[in-house]
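Okay, structure first, notes after.
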Amino acid sequence: MDSGPEELMPRLLPVGDCELMEDYDPAVPPRTPQEYLRRVQIEAAQCPDVVIAQIDPKKLRKKQTVSIALSGCQPAPEGYSPSLRWQQQQVAQFSAVRQSLNKHRSHWKSQPLDSNVMMPSTEDEESWKKFCLGERLYSDLAAALNTENQNPGIDYLKVGFPPLLSIVSRMSQATVTSVLEYLVNWFEERDFTPELGRWLYALLASLEKPLLPEAHSLIRQLARRCSQIRTGVEHKEDERVSALNLFICLVGRYFEQRDLADPTDPS
């Protein structure tokens, strides 16, 4: 039994074989209902049974899958965990920064950028990492100050651009989330630095609530990474401890990821 392609699904209309004129030309637009229906039958018969989409892998963003790990933060070493009062102060200050940023966003967005500031496109991951962290830190060539350059001016291409309000205010939510993703993923394989910290703080202050699922996953990833780095710090007087505690606090307390917050210490 030979079943045509059109018989794989039931017909919605009782259309039989169409009787056409001898001079019927399928290349000419249909002139009658019969010619139109016949055209549909011919095109349906020519459709392949299986269609494979032609996808250019270069156009796909890396790490598109949003994975949410169920594990919490690693507990702080003894003496490293901040007090509840300290955490409350940080949350209040962070909330004030967010309110000020939202209030004055239009003003700072209208301010001209310096001629050397060239903000990358949202999809340009490598350029954003260089823009925020600087070429030296991005390339892992130097984490300390450059003592060879005695010029008083600052080369922001080497040390990274600070998250100025005139820059951050120009970033859409899509850009904020993308840059946060770039920096958090970079942080997964490297140590905490002040250049990274200032941008993470600015990006968190720019995130709109309620959080999108991708942003929700990223801030949780950030808090877990901070707790991991904190466990390896040898001395609690290390300046990284306060910064790491801050990000764990903001994710856990301000963004209400309670399972990631440090236990409250009333002292």
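- Two residues are said to be in side-chain contact when any heavy atoms from C-beta on lie closer than 4.5 Å; E181 and N185 meet this criterion.
- One distance of note links OG of S110 with CZ of R105; it measures 12.5 Å at 0.5 Å rounding.
- Contacts of S127 classified as side chain to side chain contact (heavy atoms under 4.5 Å, CB included), with partners at least two apart in sequence or in another chain: P120, D124.
- Of all the heavy atoms in K236 and G79, the pair that sits closest is CD-O, 3.7 Å.
- In this structure the side chain of R224 reaches within 4.5 angstrom of the side chain of R220, judged on heavy atoms.
- With respect to K129 and E125, a salt bridge is recorded, a charged nitrogen being found less than 4.0 Å from a carboxylate O.
- Every side chain to side chain contact (heavy atoms under 4.5 Å, CB included) that E188 has, sequence neighbours left out, goes to Q221, R225.
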Hey, can you pull the donor-acceptor pairs under 3.5 Å for the side chains in residues 201-211, sequence neighbours left out?
{"unit_1": "S206", "atom_1": "OG", "unit_2": "A202", "atom_2": "O", "d": "2.9"}
{"unit_1": "K209", "atom_1": "NZ", "unit_2": "Y254", "atom_2": "O", "d": "3.3"}

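- Cluster annotation: V176 is connected to V97 through the hydrophobic network of ILVMFWY side chains, with a link wherever side-chain heavy atoms come within less than 4.5 Å.
- Between the OG atom of S169 and the NZ atom of K109 there is a distance of 8.5 Å, given to the nearest 0.5 Å.
- Side chain of W199 to main chain of P194: no donor-acceptor pair is present (N/O by atom type, distance under 3.5 Å, no hydrogens or angles).
- Qualifying side chain to side chain donor-acceptor pair (under 3.5 Å) partners for S166, counting only residues two or more places apart in sequence or in other chains: none.
- Scored by the side chain to side chain contact (heavy atoms under 4.5 Å, CB included) test, M119 finds L113, V117, W128, F131, I167, R170, M171 as partners (sequence neighbours excluded).
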### Trace of the side-chain contact (heavy atoms from CB on, under 4.5 Å) decision for H216 with L212
CA-CA 6 Å; H216 177 271; L212 296 175; over 6 Å; no
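- Here H107 pairs with Q111 under the side chain to side chain contact (heavy atoms under 4.5 Å, CB included) rule; sequence neighbours left out.
- Contacts of D114 classified as side chain to side chain donor-acceptor pair (under 3.5 Å), with partners at least two apart in sequence or in another chain: none.
- In this view, S172 and T175 satisfy the side chain to side chain donor-acceptor pair (under 3.5 Å) rule, not counting sequence neighbours.
- Of the possible donor and acceptor atoms, one in the side chain of S227 sits under 3.5 Å from a partner among the backbone N and O of Q74.
- The CG atom of L180 sits 10.5 Å away from the CD atom of Q173 when rounded to the nearest 0.5 Å.
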### Task
Evaluate the criterion side-chain contact (heavy atoms from CB on, under 4.5 Å) for residue pair D262 and Q87; output intermediate values, then yes/no.
CA-CA 9 Å; D262 284 315; Q87 295 184 62; 4.3 Å; yes
Sequence neighbours excluded and cut-off under 3.5 Å, please list the side-chain donor-acceptor pairs for residues 242-252, or say none.
{"unit_1": "N245", "atom_1": "OD1", "unit_2": "R230", "atom_2": "NH1", "d": "2.5"}
{"unit_1": "N245", "atom_1": "ND2", "unit_2": "Y80", "atom_2": "O", "d": "3.0"}
{"unit_1": "N245", "atom_1": "ND2", "unit_2": "V241", "atom_2": "O", "d": "3.3"}

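- Between W186 and L133, some side-chain heavy-atom pair lies under the 4.5 Å cut-off.
- Using a 4.5 Å heavy-atom threshold, the side chains of C226 and F187 count as touching.
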### Task
Using the side-chain contact (heavy atoms from CB on, under 4.5 Å) rule, take Q257 and D259 through it: C-alpha gap first, then chi angles, then the decisive distance, then the call.
CA-CA 6 Å; Q257 307 300 305; D259 61 309; 4.3 Å; yes
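- Within the structure, the salt bridge (charged side-chain N to carboxylate O under 4.0 Å, His left out) test picks out no pair touching residues 248-258 (sequence neighbours left out).
- Between the CZ atom of R190 and the CD1 atom of I229 there is a distance of 11.5 Å, given to the nearest 0.5 Å.
- Rounding to the nearest 0.5 angstrom, the gap separating the CZ atom in F161 from the CD atom in E195 is 14.0 Å.
- Every residue two or more places apart in sequence or in another chain that forms a salt bridge (charged side-chain N to carboxylate O under 4.0 Å, His left out) with R240 is listed here: D191, D238.
- When every heavy atom of S178 is checked against every heavy atom of T122, the shortest pair comes out as OG-CG2, 3.6 Å.
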